[in-house]
Amino acid sequence: MIKTTKTILVCGSGGVGKTTLAASLGLKLALAGQKTVVLTIDPAKRLAASLGLEELNDAPRKIGLGPLKKTRGEMWAAMLDTKRTFDRLVEKYAPNKAAKERIFHNKLYQHMSRMLAGTQEYMAMERLYEIHSENRYDVIVVDTPPMQNAIDFLSAPQKMTNMIKNSMLHLLLKPTLSLGKTGFKLMKVFDRITGFAFMQDLSEMLMSFESLLEGFNLRAQEVNSLLRDENSQFFFVCTWHNRTLNEVRDFQEMISTQKFHLAKIIVNRVYCGETLAAKNSHELTKYFSAREANILLKNYQRFLPLIKRDKNHLTDLRQQTKGVEILTIPLFYTDVHHIKKLMDLTRYLDFSTDFS
Amino acid sequence: MVTDSIFDDILKKRLIFVSGKGGVGKTTVAIVLALQASRQKKNTLIVEMNSAGQVAPFFRGVPETQTSLHNEIPLAPYITGVTLNPHICFEEYVLRRIKFKAIYKTFFDNQLVTNFIGAVPGLNEILMLGKIFDLERQKKDKLSSENKYDLIVVDAPATGHGLSALEVPQVILSAVKIGPLSWHARDTTVLLQDKNKTCFCLVTLAEEMPVSESLDYLRTLREKNLIPTGPVFINAVMPNVEKVKRPQKLPETIRAVWDFYSLARERAALNEHYCDELKKNLTECSFFIVPFSFKTLTEHADYEKLLEQIQVSP
């Protein structure tokens, strides 16, 4: 039987708990007997430590599951190193040594892997592709970079190639071609905007990139078909926010235009709890002194608006998303940064039907 | 009660950058600072650098789409808001350098601009910082020597991933030695480093990951001398609840009441621990405690109330 590697992409905006949830998903799958690798982009040191590692890096490392381990599943983890992934990509697609050296020595390239909009996203996709090609794992869980707008993320590979391919700088790269007077004028305009020296560095960098373009394009297509495969599933993580409903709607729209597969929406840090019937408040006095009952009740009442808010929010979300499975995770009392806590979290991640 | 004298220290500046990890409440703190400034009748501008029109709806109930423009719009007495759009920043910058709108139109149609801004490393950030530089120098009118805004509060991009926007001018300076872009980066660096004018306010939650990221970020700001650092806002700190003994039996009917009691107790303990951690690591910083908000912040009045509850940490 040919082994198919499944991929889970955990998406969402900053601060919603993607990294922790990705780790927890990985743990859940490993305990269910899968050989799992979690690719995180977040240098959360404590999380690495809780997984028994000093620090995560570019190469997947095996996590010791210790007493938790009862099955033959394995958990591996790696952290994205944008620069290294980019370097490898250049190595791979540079037509010759000279072209490669030109890129590596370009002043702007040195900063580029950190500065260029979308690089991190692109490289996350690239790294996913690399790991996927190794064909060593049953499941790859990808913790994606946070986005103001979660949609931007998946268009990153396309944007990157567009920028190299279609940028008007392209015109500048071939000043000797048919540009003539216009090209000369354009050059003058750019000189006034950014300065000539800068333009030279930039042209040089993009010119050297041009030799990689074919490889880049090919790779972007491969990544795209990997993402569209039915074995690639998207999980969208959110918390309550007044823009969450819009975010989810936009994300779903993007998923369907791109023909990706949205598997789950995870609502994190939910204030769960039944709103207490009035008669129950009397019951408190059976177990507590009047003073204590009062403290408890007052505390509970403070949380009521949040409980109601989240309840309504979930109703709205269910109505809007129709049919997409929604998992809710209650707000944890304490930080989740120990493997034990990750274990607790796995209880709420129920998707045994998809990955068994 | 806000101890005016301590808030005053920051409000004396001309330019405040508010930032922190994603989801910690940067916008909330930016709004609250602007409100306090407006109480002192300072003309205040809230600049959204990373979001589009999120601030305005809290003041006027206008939908985001109508406010996510590049124009300065009045939000409340003494408070104006603006969302920076890199494309318009680019047009303004280019027009200042080449003077002719026709040339701009010829060369820079929309798709080209989008690709260009995407292609040039850090251009996005340097353009927006440049715009803030201009806003800081803006006068009431052409003849006036009086500043249009007494205070500019910038709701800056989140920390933690990729390169910080505040680092961009220095990176450009190291990569580009001459030419307009380099001069532009130099001006911006000088303003960012000006101790009298500029200050960085960090926002964090008192939890493991935001705290460790915050400490790393402040270290970077200092090591690279990017911007003078000011006070730290610790957001959503859970107030403590009196201790109650857990009974031997806890029936389902009152389970929720007990669960939320435990939640409040444990959150409060956790927050206290990380507040101490922050203070231990940042001995020279002052701290503001923003209490956990049991009501969702949706309108102007909610922020006014929150402002009243902020305390200086002892």
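Proteins come first, then strands; the chains are lettered A, B, ... in the order of their sequence lines, and each starts at number 1. Since we're looking at a predicted model, the values are computed, not measured.
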Give a yes or no on whether the ring-centroid distance for Phe303(A) and Phe294(B) is below 6.0 angstrom. yes
For Asn299(A) and Val241(B), indicate whether the former's side chain and the latter's backbone hold a donor-acceptor pair under 3.5 Å.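 Checked: no pair found.
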For the backbone of Phe332(A) and the side chain of Arg267(B), can you confirm whether one donor and one acceptor N or O come within less than 3.5 Å of each other?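 Such a contact is found between Arg267(B) side chain and Phe332(A) backbone.
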Going through the checks in order, is the side-chain contact (heavy atoms from CB on, under 4.5 Å) test met by Thr298(B) and Asn242(A)? CA-CA 8 Å; Thr298(B) 50; Asn242(A) 51 5; 5.6 Å; no
Hey, what do you get for [atom1] ([X]) to [atom2] ([Y]), rounding to the nearest 0.5 Å?
| X | Y | atom1 | atom2 | result |
| --- | --- | --- | --- | --- |
| Phe260(B) | Gln301(A) | CZ | CD | 13.0 Å |
| Lys243(B) | Glu292(A) | NZ | CD | 10.0 Å |
| Thr253(B) | His282(A) | OG1 | NE2 | 12.5 Å |

Output the option from Lys295(B), His184(B), Lys245(B) having the highest count of non-hydrogen pairs under 4.5 Å with chain A. Lys245(B)
May I ask you to say whether Glu242(B) pairs ionically with Arg291(A), meaning some side-chain N is under 4.0 Å from a carboxylate O? yes
Which heavy atom of [X] sits nearest a heavy atom of [Y], and at what distance?
| X | Y | answer |
| --- | --- | --- |
| Val257(B) | Leu297(A) | CG1-N, 4.4 Å |
| Tyr287(A) | Pro247(B) | O-CB, 4.1 Å |
| Gly15(A) | Lys21(B) | CA-NZ, 4.4 Å |

Heavy-atom check, side chain of Trp258(B) versus side chain of Tyr300(A), under 4.5 Å: no
I'd like to check Ile254(B) versus Leu296(A) (side-chain heavy atoms, cut-off strictly below 4.5 Å). Are they in contact?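 In short, these two side chains do not touch, never coming nearer than 4.5 Å.
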Which answer fits Arg302(A), side chain, backbone, both or neither, if we ask what part of it has an atom under 4.5 Å from a heavy atom of chain B?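 Both the backbone and the side chain of Arg302(A) come within 4.5 Å of chain B.
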Taking side chain to side chain contact (heavy atoms under 4.5 Å, CB included) as the definition, give me every residue that meets it alongside His300(B), ordered by chain and number, with sequence neighbours left out. Leu35(B), Phe59(B), Ala76(B), Glu304(B)
Is it the side chain or the backbone of Trp183(B) that comes within 4.5 Å of chain A heavy atoms, both, or neither? neither
